Each structure stands twice: as structure tokens, then as C-alpha cells.
Amino acid sequence: MASLVRLAAPLLPTIGRAGAAGIAILSIIAAALAGVLCIPLAPAMPASGLDPSWAYAVNEAVARHLIFGRDVIFTYGPLGSVGTQVYHPATDTLMIAGSALIGLALSAGSSMLAWPKRAHLLLLLPIVVAEAPIRDAVLLALPFLLLLVIFRLSSAPADPVHLPTGRAAILCVSVLSCAVGVLPLVKGSFSALVVVDGGLAVLMAVVARRPMLALWISSLIIGSLCIGWLAAAQPLAALPEYFVGQKEFISGYSEAMSSEGPVHQAHEWAVVTVAIAAILYVFVARRRGLGGWLTVLGFAFYSFVIFKQGFVRQDGLHVLIAGETFLFTGLFLSLMLDVRAAVVVAMIACLGWIAIERSAADFKPVTVLTRIENKVSEGANGMLLRVGAPYELREMFVRANHEIAAATPLPEMNGTADIYPVDLALLFANGARWSGRPSLQSYSAYAPAVAEANAAHLAGSEAPENIWFAVGPIDGRLPALEDAASWPVLLGRYSIVGFYRNYLQMVRTAVPRAVVLDDRTVSAAASVNEWIDVPSSGKLVWASIAMRPTLLGKLLLAIFKLPPVEIQLRLADGRVAKDRYIPEMGRAGFLISPYVGSTADFATIAAGRDDAQSVRQVRLDVPDPGLWNPGISLSFRELHILPRQDAQ
């Protein structure tokens, strides 16, 4: 009790020793509750659809001991269930253990910032967690939290923010460092933030002449990364390959996965972020030397990552993540800054959060209470379920799969299977033996190396014996761009044996048919925003288009995104098809003629029928010519595939 009173000493003049002790106890309970709320005691169950399918597939990949970086090349890693919070019997223990580590780290790090003068503000921590139902906001906050904790430990003893390095402090730093270390295994794109803000924390300790602390932090981050990898039954030798694969996804994300949204959302977010950065500059950087500047630099990179996370793909989900991070930033800084700065930061952060919520989710004050009620209710029900009926989750999992299979039952099949473009949950729910391509889903094969890996899988010994194929691009993309490298393999190595609920049922043939890409190439140099003739021969035409952004375009693409490019295809019957075009995917090559806009069109080209719509001209429209070099180069080659009688 004496230690609790010391913790609440600043409150004693106004509320007395008993009241201060009570608040201290409540603060500790609140911090613990926040950690528990981070654990998905009542996880989501499998469902069909794009996002639920990849979440299910990540769990299945771990359950089937597939190797991430080799068998699976995807943005989520072997601890992906910690981020998705989707239940699977084989990954539930990993999900609970990883989430418990995340929750403990958040509670421990926040308590370190609050000690000893602001413990009462920890009462807000479970509210902040409840108001951030999207897990990414919690995970992304941890590296910045680690940096702030090390800033306090590394500051001069006379500094009001200084925190002595005792056993409790080292224990909290250890837990926080371990949690930061496993983040890249949850989602590979978190790696950059871990490296930068984690590296700045280590550098800050070195600058403060605390080499052992710096060594301890870096060792724990690397060690927990390796232990988490091994805990997911991944071979340690494959860990570098996992990060190489992540590079492909991260570098191409802004071009391939961007979507448009209200401009004012990004402006509001930027204004609030700049205001918080200005406060950090005045109260931290100017007053506290190099350590303060490193803190501001860490906040700047954290904000950059959040900006990319929230506004490259600017849908309601990602924008909400950007808004939710204001709550964590405001609380963290309020725990450690002096009173005036803390009040201003808290007000600015809350205003920024409300502004984003109102524009993205039609926010109402009652929403705050509803989210808290739902989060606490889910946690309580989940705890009762796991303690009182531990096998119920498995039964719920089985029921969820039965519902998926009942909605879309697939005919029985012999051998392994995969499904195109996205709905893997149908395979799992129908009990198929999955032999999936590395990118899991077609839309995510936007990096040329990943698309080639998908094609190599189809051509290799582990290729699925059955494929359910449909044409269904996301974001209005040109359909032939998605998994383009796999189309010749599909046409040459698989027979069409049925058509079921918009899916072609395809079976691998014992003797593949020859697929020949003609050596003769027709090249053309042209410009954007003008029509270009496509060679007309009555054959399949394979195209590769090289278009490059200008220096300004490259800079904008690196820090944000470019306006979408549109491709127009003039068909033989005079119609003009308009789709979104992803330049990096088009550079790798795709089937440009005939135009394939539906699953039936794909079957038509497999059958070699002459009523398929050949493309006569192509045009690439860019909304802002200053962001793209006007000159483009095109190459066309004939693709020879014998018509399939089964498709006819």
C-alpha cells in the first residue's frame, strides 16, 4: 500500500492518502484490463469473401506447416492470427500467446510513461484500446511507445521526465522489446517501423552512454523475432527469404493497392500531426538535446507509416486506423510531457480522432460507449467460454465451415485444389486438400516476382490437381492483369470439365498442351493519352508495356500514391472497354487480346472460338501528365495454344 501511495503522491494535497491509494489501485487495474482487452478471447470465425479468405488461409498455412517466404509469399506472416484475430484450432495458442505479449507490452510501456506523476491517466488506457477495434492501430503504436520509454530512461537525472533504471523498468523494457520484435511476423509491412523506431531507441541508449541497455534491447528484438518464427514451426534458415518476399509487397503496394477517397481526410490528419510534431519540437527537441531530436524523428517516421497505412488505400477501414492512432499518440505523450503540453496534445489528438471518425464512419458520441460496451462484453463472454466450455470454440469453427459449405457447396474432387481469384474459404470449408499458390490470392500478385512464383507453382510438381477459376478483379482492374503470368499455364496444363456457380472447374492434364510465345515481337513507341494499334492476326496477343513515372511521380509514389491510370481497349465490334491499369503489372506482360472481361470469356479463349472480341487499339490515360513520362514502349507477341475440345 505504501508504494501505491508514493505512486499517487501528486494527488495527496487534494484527495488525501486513502483517495490517492484508491486511484493508484484503479490505475493498475485499468492498465491490466487494457492488456486483457488486447487478447481475442472471443475471436472471429471463418467466413467467405476476400479478406476473410486470406485470414483463413494464413492460419491454414501455419496449420499445414507451409514455409513463409517460400511456399507462402504474403504480407501477413506466420503470426498473422495475432493481427486478424480469426480463430483456427491449430493457431489459437499462438494467437492468444502473441496477443497476451502485445497487451502486456502496451500496459507495461504505458505504465512506464505514467510513473510516478500521471498514473491516474492510465484509467484512460482501456478506453483507448476499446476505441481502436482495428488491431493495426495497437500494433503500430508499440515501436513508438518503446522509443518514448527509452527516452525517459536515457534523459538526464535532473530532467523532470527522467525515469530511474530499476528492475521494474528493465522488466517493462524487456517485455516491450519482445513485443516489438514479433511484429514483423504478424505483418511484414511492420518491419520498417520496427527497424527505424526500434533502431532509434537503441541509438538513444548508446548516445546516453547506456551500451548495455542498447545491447539488451537489440538482443531481445532479434531474439523474440527468431523465437516467434520457430514457435510457428518455421525453419530459421527461411527467415531471410520471408523478408525478401516482403520487399516485393511493400515496394509495389502504393501503385497496385491505392484507392481514392476524400482529400479533406488526409488534410485533417496532416494538420493534427504537424501540430503534435510542433509540440514535440518545442517541449522535447529544443530542451533535451539529441535524445529529444531522436524522439521527434521517431514520431515523424511513425506518422509517415500511419499516413501510408491510412491513405494509400483510402477506404473506411484504413482511414479509421489513421484516426485511432491519434488516441494512442495523445495518451502516450500526455503521460510524460509537462501539464501544459500534455493538455494541448490531448485536446489536439482527440479533435483529430473525432474529425477522422466523423468523415469515415459517421461518428456519434454514443459510439464511444457502444465500443467500450462491446469490447468488455466480448472479453467477458470469451473468458467464460474458454474457462467454462473450452471445446465450444472448435464447435463454432466447425459450424462456421458448415455454413460456408452450405452456401456454396463444391462438387467432390480427387486430389489437391486451389481457387481463383480470392475465395479460399470455399475450399477449406468444403474439405478440399489445398495446394495454394504463393500469393494466396490473385489480386496480391502485383509484384512481377510474385506473379512468376505463382506461375512456377502451377507448372511444378506441387501444382494443384483441381482448380476452380473465375475472373473477378478488384478495384476495377483490367481482369487480365491479375495472375497474368499464370494464364498461359492454366490454358496449357488444365482442362475445363465443368462450370459451376461462375467458377470453371479445371483439372490438370497428364500431358500438357504446348504453350508457345512467338519469338517475333512487334514493338511500338507511343505516348500516353493516345490510341495505339494492336497487331491483328486472329490469335492471342501477349503485351508488355513499359511506362515510367517522372522524378516527381516517383517521389509522390514513395511518400503517398499516384492518381490511377486508366486503360482503354477498342474492340473489333467498336466497343471500348475501360479498366484500371497497374503499370508495374503490365510491364511484366499480360494477355491484351482478345479482351477477357468475364469467366465465360476465359472459357471462350480456351476453346479457341472465333467470336471472342479481339482488341484493335489500346490507350493509356493518365490524369496528370506531369507525373508520368509521356513516352511509352509496347511489345506484342502472339501466344499459340491449341484449342481445347473440352472447353468447346
Side-chain angles (χ1 to χ4, degrees), residues 44 47 49-55 58 74-77 80 82-86 128-144 183-184 186-194 246 249-273 301-329 349 352-363 367 371 422 440-441 443-444 446 473-477 556-564 580 582:
L50 189 152
D51 288 333
S53 283
W54 65 249
V58 169
F74 194 61
T75 184
Y76 275 77
V82 176
T84 64
Q85 303 179 77
V86 173
V128 170
V129 172
E131 293 304 315
I134 304 171
R135 177 56 66 96
D136 284 26
V138 178
L139 300 176
L140 288 166
L142 293 180
F144 182 56
L183 290 182
V186 178
K187 193 173 183 179
S189 56
F190 293 162
S191 302
L193 185 59
V194 170
Q246 294 305 313
F249 277 100
I250 295 171
S251 62
Y253 180 82
S254 293
E255 181 181 302
M257 298 301 295
S258 65
S259 64
E260 299 299 297
V263 177
H264 69 86
Q265 291 178 342
H267 291 167
E268 292 165 353
W269 183 90
V271 168
V272 173
T273 301
F301 191 78
Y302 170 55
S303 300
F304 170 70
V305 171
I306 296 300
F307 178 70
K308 295 276 283 189
Q309 180 88 1
F311 297 102
V312 169
R313 188 163 185 82
Q314 195 176 346
D315 54 23
L317 177 68
H318 291 83
V319 170
L320 284 178
I321 295 172
E324 289 161 3
T325 54
F326 282 140
L327 294 180
F328 288 100
T329 301
W353 170 64
I354 292 173
I356 296 295
E357 287 273 347
R358 289 186 64 182
S359 64
D362 192 22
F363 175 80
T367 306
R371 286 178 177 171
V422 297
L440 302 182
Q441 296 171 311
Y443 77 89
S444 61
Y446 52 77
I474 68 167
D475 300 339
R477 289 178 183 172
L556 185 59
L557 189 60
I559 63 176
F560 189 30
K561 61 185 175 185
L562 296 178
R580 182 176 177 181
I582 310 299

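Treat the numbers as computed from the prediction; the structure is a model and nothing was measured.
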Given side chain to side chain contact (heavy atoms under 4.5 Å, CB included), test Thr329 with Thr273 step by step and report yes or no.
-> CA-CA 10 Å; Thr329 301; Thr273 301; over 6 Å; no
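- When the side chain to side chain donor-acceptor pair (under 3.5 Å) test is applied to Trp353, the partners found at least two apart in sequence or on another chain are Glu357.
- Note on residues 253-269: no pairs pass salt bridge (charged side-chain N to carboxylate O under 4.0 Å, His left out), not counting sequence neighbours.
- Here the straight-line distance linking atom CE of Met257 with atom CD1 of Ile474 works out to 4.0 Å at 0.5 Å rounding.
- Among all heavy-atom pairs drawn from Pro262 and Gln314, the shortest one is O-NE2, 2.8 Å.
- The ring of Phe301 has its center no closer than 6.0 angstrom to the ring center of Phe144.
- Summarising the geometry of Lys561 relative to Ser258, their closest heavy-atom pair is CD-CB, 3.8 Å, with the distance given to 0.1 Å.
- The shortest non-hydrogen separation linking Ala322 to Thr325 is O-OG1, 2.7 Å.
- To the nearest 0.5 angstrom, Gln265 atom CD is 9.0 Å from Leu320 atom CG.
- For the atom pair Tyr443 OH and Asp475 CG, the distance stands at 10.0 Å (nearest 0.5 Å).
- Between Pro143 and Tyr302 there is no side-chain heavy-atom pair separated by less than 4.5 Å.
- Residues Val58 and Val86 form no side-chain contact, since every pair of their non-hydrogen atoms from C-beta on lies 4.5 Å or further apart.
- Atom CD1 of Ile306 and atom CD1 of Ile321 lie 8.0 Å apart (nearest 0.5 Å).
- Annotation for Lys308 and Phe560: closest pair NZ-O, 3.4 Å, computed over non-hydrogen atoms.
- Distance alone, capped at 3.5 Å, is enough to place a donor-acceptor pair between the Tyr446 side chain and the Phe249 backbone.
- For Ser53, the side chain to side chain donor-acceptor pair (under 3.5 Å) criterion is met by Asp423, not counting sequence neighbours.
- Side-chain contact check for Tyr253 versus Thr75: every heavy-atom pair is 4.5 Å or farther apart.
- Ser259 and Arg580 form no side-chain donor-acceptor contact under 3.5 Å, judged by distance and modelled atom types alone.
- Applying the side chain to side chain donor-acceptor pair (under 3.5 Å) rule to Ser189 yields no partners; only residues at least two apart in sequence or on another chain are considered.
- For the residue pair Gln246 and Phe74, the shortest heavy atom distance occurs at NE2-O, 2.6 Å.
- Residues passing the side-chain contact (heavy atoms from CB on, under 4.5 Å) test with Asp315 are Arg313, Leu317, His318, sequence neighbours excluded.
- Nearest approach of Thr84 to Trp54, heavy atoms of both residues: CG2-CZ3, 3.5 Å.
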Let me have the donor-acceptor pairs involving side chains of residues 132-141, under 3.5 Å, with sequence neighbours excluded, atom names and distances please.
unit_1, atom_1, unit_2, atom_2, d
Arg135, NH1, Cys38, O, 3.4
Arg135, NH1, Val82, O, 3.0
Arg135, NH2, Cys38, O, 2.4
Arg135, NH2, Gln85, OE1, 3.0
Asp136, OD2, Lys187, NZ, 3.1
Asp136, OD2, Gln309, NE2, 2.7

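- Atom-to-atom distance recorded for Ser359:OG and Ile354:CD1 is 12.0 Å, nearest 0.5 angstrom.
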